[in-house]
Amino acid sequence: MTGRGAVGLGASALVAALLLGGCGTPRSGDLGPAPTAPPPNVAPTDRPEPTPTRAAAPTSPPANRPSGPSTAASTGTRRPDLVTIELWYVRAGLLVPTRRTRPATVSTSRLALTELAAGPSPAEAATGMITLLPAGVTVTRIADGVATLRLPSVGDPASRRLREAQVVWTLTQFPSVRQVRLDGAAPVDRADYADLLPPIVVTGPIPGERVSAPLVVTGTATVFEATVSVRVLDAGGRTVATGFGTASCGSGCRGGYRVVIGWGTIREQRGTVEVYEVSADNGTRINTMAVPVVLAPRD
């Protein structure tokens, strides 16, 4: 088994830390052919934009027109500050994360709930993501690390619990919120809904993201011998890269993982990143999380 320690990288660090504190630094590497069994002796947000086109090389200003500062610089305007938030949607009855990047605001909790209610992007919806949160839900108070709000009633207890979990996991990403009080009940936190996570959670990349090699795949997992496997598929479903890494905690507990994977020269195209566990019984891929992406040529 690997040593235990914190795994910190963007959103994955937050997920792993809030679940059970980190354990050891995960290891990763490229494999070549896709694995058929666990490697021996190995210790165990914003809506995607259209694929950008390369800008033409800048040309020199005409000889009879002196160059000068840009319009933004001359008028004193500047781009607004941005904030990236994590949203937890529902997929196949379990919680899955994604991200949005939006203009910064003093009320990040309101922004997060608004984005959560707005629902998944087309790329996210294509994976089966949905939201159970209706529009108009707002936090009425945040005091002593507890956010208070009311949720509209829903008849099905399972759906209500998933709705609550979406809100709790989304709001507790913020330092000012450790717990959430729903409808006057006792405060709850992420641990109260940890059973609604799939065995493998992928925090990066997100559906529809444009990625290039080397690609860093992050998330949390509770899998056999802590071994997380990754493969990248091209538009035709052909494997272009495989790799593996170890989560910071093994079977029976959840830990963070970070796998760096690369591939050769390819044209820009749609692709899929699959993160999965290799079955200890028969070597098949199980608990697979598929993330549709755009594979970009190496920069």
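When reading the values below, keep in mind they use all heavy atoms of this one structure, side chains included, and skip hydrogens, waters and symmetry mates.
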Just so I know, are the side chains of [X] and [Y] near enough to count as touching, which here means a heavy-atom distance under 4.5 Å?
X    : Y    : result
S212 : L295 : no
R102 : E115 : yes
V167 : L151 : yes
V278 : T227 : no
Y89  : T98  : yes
R150 : T140 : no
I206 : V291 : no
Q269 : D234 : yes

I'd like to know whether V201 forms a side chain to side chain contact (heavy atoms under 4.5 Å, CB included) with M289, so could you lay out the CA-CA distance, the side-chain angles of the two residues, the decisive distance to 0.1 Å, and finally the verdict.
CA-CA 8 Å; V201 171; M289 295 299 290; over 6 Å; no
Start with the C-alpha gap between R231 and T242, add the side-chain angles, then the distance that decides, and say whether side chain to side chain donor-acceptor pair (under 3.5 Å) holds.
CA-CA 4 Å; R231 68 172 184 164; T242 61; over 6 Å; no
Is Q166 reaching over with its side chain to a backbone N or O of W88, donor-acceptor style, under 3.5 angstrom?
yes
Taking all heavy atoms of [X] and all of [Y], pick out the closest pair and write down the distance.
X    : Y    : result
G208 : V294 : O-CG2, 4.3 Å
A290 : E274 : CB-CG, 4.3 Å
T222 : G252 : OG1-N, 3.6 Å

Q179 and side chain to side chain contact (heavy atoms under 4.5 Å, CB included): which partner among D189, D192, V168?
D189
Only residue of L182, D183, T138, I142 satisfying side chain to side chain contact (heavy atoms under 4.5 Å, CB included) with L149 is L182
Give the C-alpha distance, both sets of side-chain angles, the deciding distance and a yes or no for side chain to side chain contact (heavy atoms under 4.5 Å, CB included) between V223 and I200.
CA-CA 8 Å; V223 292; I200 296 175; 3.8 Å; yes
Would you say [Y] ends up clustered with [X] if hydrophobic residues are merged whenever their side chains have heavy atoms under 4.5 Å apart, either directly or through other cluster members?
X    : Y    : value
Y257 : L95  : yes
I266 : V211 : yes
L197 : V188 : yes

Please say whether more than 12 non-hydrogen atoms of neighbouring residues, nucleotides or ligands are located less than 6.0 Å from CZ in R91.
yes
Any chance you could lay out the side chain to side chain contact (heavy atoms under 4.5 Å, CB included) test for V217 and V275, step after step, and finish with the verdict?
CA-CA 9 Å; V217 182; V275 187; 3.7 Å; yes
Using a strict threshold of under 4.0 Å (side-chain N to carboxylate O), is an ion pair present between [Y] and [X]?
X    : Y    : value
E277 : R285 : no
R161 : D195 : yes
E209 : R270 : no

Quick one: CE on M129 to OG on S121, what's the gap to the nearest 0.5 Å?
7.5 Å
In this structure, CG of L116 is separated from OG of S109 (nearest 0.5 Å) by 12.0 Å
Quick one, T218 with R258, criterion side chain to side chain donor-acceptor pair (under 3.5 Å). Give me CA distance, side-chain angles, the key distance, then yes/no.
CA-CA 5 Å; T218 59; R258 179 180 186 272; over 6 Å; no
How far apart are the C-alpha atoms of V90 and V96, what are their side-chain angles, what is the distance that settles it, and do they pass the side chain to side chain contact (heavy atoms under 4.5 Å, CB included) test?
CA-CA 6 Å; V90 174; V96 289; over 6 Å; no
If we ignore angles and hydrogens, is there a donor and acceptor under 3.5 Å between the side chains of T170 and E86?
no
